Amino acid sequence: MTRWHRRRTVLVAVAVLGVLAVGTGVVLTGYPEPGPAGSTAVAPAHPRPVLPGGEEKSALTDAAAGAVAPGFAADGGRVAALPPDRPSGPGLPVGTVQRSLVRTAQLSVEVADPAASSRQVRTAAAAANGLVTEEQSSDTGSWVVLRVPAESLERLIDDIAAVGRVVGRSTQVLDATEEVVDLDARVTSQQASVARVRGLLAQAASIGDVVAIESELSRREADLDSLTSRLEALREQVALSTLTVDLRATGTPPAADPAPPGFRDGLASGLAGLRTLGSAALAVVGFVLPFLPVLAVLGGMAWLARRIVRARRTPAAAGAGGRSGPGSEGES
């Protein structure tokens with residue numbers, strides 16, 4: 001047993017030494033001989049291309065050196081360019097969405113003749129493919145609401161501003177991109193849903209299935225129509241901007257903000273409420289008054305009928321009481 005243990009120990013030691021020798025040889029073969037300065041360089045994982053003349057060039061070295069044109073070495077020699085992994089030119093951005101903006105603007109202009117300026121505003125709106133949706137005119141000015149294409153809004157504002165002296169100008173922009181994208185996706189999904197239900201309706205085999213599927217189809221088509229209407233209205237707001245033009249006559253003061261209500265205003269409101277309450281009470285009395293004679297006649301007839309009934313019951317009750325008095329005592 002002792003010899004066997006010694007042999008096994010020797011075999012294990014030889015195997016360990018063999019493994020260590022193989023590993024050391026593999027590690028040493030990966031390193032080149034030391035250079036003149038005694039430094040050790042690690043071999044690259046991928047060999048660099050060797051140029052004519054025995055010089056090695058590295059793409060990373062050239063890039064670090066900078067200002068080296070593609071296809072040329074650092075010393076001016078031309079080298080064969082390696083094919084790139086992907087195109088170097090800029091591409092279109094991924095997921096690009098066109099912004100949907102709702103624009104509104106207000107413009108206040110002081111003019112000498114509001115009526116003539118109003119005609120000029122309508123003419124300018126027609127030239128910009130716009131339309132007038134609302135207009136109010138008075139001796140002191142005009143008020144016009146226009147709907148114009150979004151791309152013509154700024155040009156139309158400049159044209160109207162040239163009519164007189166601009167005293168106020170403001171613009172608001174509302175980003176409706178998210179709502180438009182959401183509605184568009186919901187419309188597409190609802191259209192696919194309606195198409196699926198119509199396919200089921202074509203395959204229905206019984207009257208019950210047809211009735212149930214038609215009811216579901218009607219509901220989904222109504223939802224689709226609602227979504228489509230909302231999407232069209234929103235796209236119309238994006239396509240057509242709203243411009244409100246206030247034309248004021250020269251020398252007309254701007255409209256002042258109303259003063260806050262005070263004691264007199266409260267007293268006047270109370271009196272007005274009291275008058276309203278009195279008018280309502282008089283209206284009720286006037287409505288009931290024609291019915292009073294009729295109610296009086298009906299009440300009198302009811303009272304008379306009650307008196308007659310009482311008068312008939314009283315003698316009968318008295319006679320019955322007289323008969324039952326003495327006679328009844330004698331019999332008892």
Side-chain angles (χ1 to χ4, degrees), residues 115 118 131-145 147 183 186 190 193-194 197 201 204 206-234 236-237 242 244 246 253-332:
S118 178
L131 66 154
V132 179
T133 59
E134 190 174 353
E135 181 178 3
Q136 297 178 6
S137 300
S138 63
D139 296 337
T140 58
S142 299
W143 186 70
V144 185
V145 179
R147 297 295 304 278
L183 285 175
R186 293 173 64 183
Q190 195 68 16
S193 177
V194 170
V197 175
L201 180 61
S206 63
I207 298 298
D209 293 341
V210 171
V211 173
I213 294 175
E214 284 184 346
S215 176
E216 182 65 19
L217 180 61
S218 300
R219 185 183 66 82
R220 298 194 182 191
E221 286 180 342
D223 294 341
L224 177 60
D225 292 340
S226 176
L227 292 174
T228 304
S229 300
R230 290 173 55 189
L231 181 60
E232 290 179 354
L234 188 57
E236 183 182 1
Q237 292 181 3
T242 303
T244 303
D246 183 14
D257 295 334
F263 173 76
R264 292 183 178 181
D265 296 330
L267 181 61
S269 299
L271 293 176
L274 181 60
R275 286 195 297 268
T276 302
L277 181 61
S279 300
L282 292 176
V284 172
V285 172
F287 176 78
V288 175
L289 188 61
F291 294 93
L292 290 180
V294 179
L295 295 176
V297 172
L298 293 177
M301 293 176 63
W303 179 79
L304 183 61
R306 185 178 180 184
R307 293 295 300 271
I308 293 174
V309 171
R310 284 185 176 181
R312 290 181 178 179
R313 287 181 179 179
T314 301
R323 289 194 302 270
S324 61
S328 61
E329 292 178 357
E331 292 177 358
S332 63

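Keep in mind the model is a prediction, meaning the values are calculated, not measured. For this chain, numbers begin at 1 and follow the sequence in order.
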The reported gap from OG in S118 to CD in Q136 (rounded to nearest 0.5 angstrom) is 11.5 Å
Set of residues satisfying ring pair (Phe, Tyr, Trp, His ring centres under 6.0 Å) with respect to F287, sequence neighbours excluded
F291
Residues in salt bridge (charged side-chain N to carboxylate O under 4.0 Å, His left out) with E214, at least two apart?
none
Looking at CD of E221 and CD of E216, how far apart are the two atoms once the value is rounded to the nearest 0.5 Å?
10.5 Å
How many angstroms lie between atom OG1 of T244 and atom CD of E134, to the nearest 0.5 angstrom?
8.5 Å
Could you tell me whether a side-chain N or O of S142 sits under 3.5 Å from a main-chain N or O of A115, the two making a donor and an acceptor?
no
Output for pair (R307 CZ, L304 CG), nearest 0.5 Å, gives 8.5 Å
Return yes if some donor-acceptor pair links the side-chain N/O of S279 with the main-chain N/O of R275 below 3.5 Å, else return no.
yes
Sorted by chain and number, sequence neighbours left out, side chain to side chain contact (heavy atoms under 4.5 Å, CB included) with V211 holds for I207
Can you give me the closest heavy-atom contact between R230 and R186, atom names plus distance?
NH1-NH1, 4.2 Å
Examine distances only and state if a side-chain atom of Q190 and a backbone atom of R220 form a donor-acceptor pair shorter than 3.5 Å.
yes
Measure the spacing between OG of S218 and CD1 of I213 and express it to the nearest 0.5 Å.
12.0 Å
What is the distance from atom CG of L224 to atom CG of L217, rounded to the nearest 0.5 Å?
10.0 Å
Do V309 and R306 have side chains that get closer than 4.5 Å, going by heavy atoms?
no
